[in-house]
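Notes to accompany the following structure.
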Amino acid sequence: MFSTLSSLSLGWSSDGLTLLQPLLAYLDPGSGSMALQLVIAGLLSGAFFLKSSWVRVRSWFSATRAES
Amino acid sequence: MTEPERSTASFRDPAGFVFERDGGLFRQVNLRYRPHYDHLAESGLLNELTNSGLLIPTSEVNDDAVGSGEAYKLLRAERVPFISYPYEWCFSQLKDAALLTLDVQERALAAGMTLKDASAYNVQFRGGRAVFIDTLSFEIYRAGEPWVAYRQFCQHFLAPLAMMSLADVRLGQLSRANIDGIPLDLAARTLPWRSRLRGGLLLHLHLHAMFQERHGNAAPAAPRKKFTLASMKGLIDSLRATIRKLKWEPSDSGWAGYVRDNTYSDGARDQKHRVVGEFLARIGPGVAWDMGSNTGEYSRLAAGRGMTTIAFDLDPACVERNYREVIRRGETHLLPLIADLTNPSPPSGWRGRERLSMRERGPADVVLALALVHHLAIANNTPLGEIADFCHETGRWLIIEFVPKDDPQARRLLQGREDVFDAYSRQGFEEAFQKRFGIHRCEPLPDCGRVLYLMERKDR
């Protein structure tokens, strides 16, 4: 299943000698596991954005309260 | 250049391998891993992880005489005092190992790297805390790619933790048979229906199992969408929240058993503490294995003297309580582990050499076998000579307690069964052990008929 990863990425850098090895990920990542991540990608980033925003808002309020 | 003999557990990753030489532990970094190792070092991630105690320290050594032709760097690695495996950990140890792995991944992402594997075997316990031991697990992060170690993380950590938390804590032992983690379909079938009500488990375990089943070994289609860095951070955050919500509280059965087992008077208990302490003082420094340690009351006498102490017990509740105490007190010399002495960890994995048996990880300098002999001899029908042989191969020094048949705990084991243990007597015990050990001291405990012995192994 190495092809899974190599098909997902063309990991060659422009720096001639420091080429990234396209097959460095020696594990079988599992097609199902990779597919699931792609399907839920939007959900994960959206949830993460909301959570981070909430944390920022909360810390701003607590900082303001501490100042006052 | 001499070709080093690789560790039998270090052959899967072409980035490098581990080997031993002259008592030192080394890791060869192969040329193909060069850009990743350089990024790890130059980005400051290696120092950051090492300095914060998350990654085992390594140092580069210059030794052209060692290593294979593929060598780029040679690292000397700090050795952990005792190699342990996920199936020997209690719930909180596995949970801490999972959270450590996610912390490492989060910091790696911040430095432009990612973990290319997330095996529970990449975590060990050092100084009482979980530590990541695989320096070559990092690769340069490539934008747009999902986490290649997601499947492995869920199989090695999420599935067993969910099963231990929501079904039965003893299911942690399934990791012993499934060396690459618990198959997600098995976990999904074993978990109670209510586990689907937890968003994280629904997503990362149940849906994950369905996707694995649906896609099977089918060749993957070229992806049409990217997995952004924000998605990756969201994935790690979601896994962390899911793991954190998994809880397990040891029931009173183990604790109550502990209290019941302690039928000593205060005088006998004080005397036992004093005598075990004296015996340990006579032995000096080294490694102690406390067999049947319960919650570690006597293990702490050894650990308190600076001895590296491994506290083995069969009961996951006792090991859980012991580990929580290690964390609470910040103890650095005590490692509690689950072990069934009547069926100890076998060698396993490829050629039976990837994961060492309990015996291969010994011998200890001193074995503590306190309030244990009657369990092995009566509950497990093990002849005293066999027990003496087991102790003989497990350590040089032996601190052992003989529990007579008329002791309340021995009587409890004999209840409802025929007493076929004619040889089980203090005289029979001493005769069996004197064939393998010299008895240095023998101290009867007051009010209970129990006797403590300090013995030293005879070389055959």
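In what follows, chains carry the letters A, B, and so on, assigned in the order in which the sequence lines appear, proteins first and then strands, with residues in each chain numbered from 1.
- Taking CG from B:Asp237 and NZ from A:Lys51, the interatomic distance works out to 3.5 Å, rounded to the nearest 0.5 Å.
- A donor-acceptor distance shorter than 3.5 angstrom exists from the side chain of B:Arg151 to the backbone of A:Asp28, with no hydrogens or angles considered.
- The only member of B:Trp147, B:Tyr150, B:Phe153 that meets side-chain contact (heavy atoms from CB on, under 4.5 Å) when paired with A:Ser33 is B:Tyr150.
- Interface remark: B:Ile236 contributes no atoms to any contact with chain A (heavy atom separation under 4.5 Å).
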- Query: side chain to side chain contact (heavy atoms under 4.5 Å, CB included) between B:Val148 and A:Leu27: does it pass, once the steps are laid out?
  - Reply: CA-CA 7 Å; B:Val148 289; A:Leu27 274 188; 5.8 Å; no
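- Annotation: the span from A:Met34 atom CE to B:Phe211 atom CZ amounts to 13.5 Å, rounded to 0.5 Å.
- For the atom pair B:Met232 CE and A:Ser45 OG, the distance stands at 12.5 Å (nearest 0.5 Å).
- Proximity to chain B is absent for every atom of A:Ala47, based on heavy atoms less than 4.5 angstrom apart.
- A:Leu38 and B:Lys226 get closest at one heavy-atom pair: CD2-C, 4.3 Å.
- B:Lys233 NZ: 12 or fewer foreign heavy atoms inside a 6.0 Å radius.
- Expressed to the nearest 0.5 Å, how far CG of B:Leu203 lies from CG of A:Leu36 amounts to 6.0 Å.
- A distance-only check finds a donor-acceptor pair linking the side chain of B:Ser231 to the backbone of A:Ala41 [under 3.5 Å].
- In this structure, the portion of A:Ile40 lying under 4.5 Å from any heavy atom of chain B is its side chain and not its backbone.
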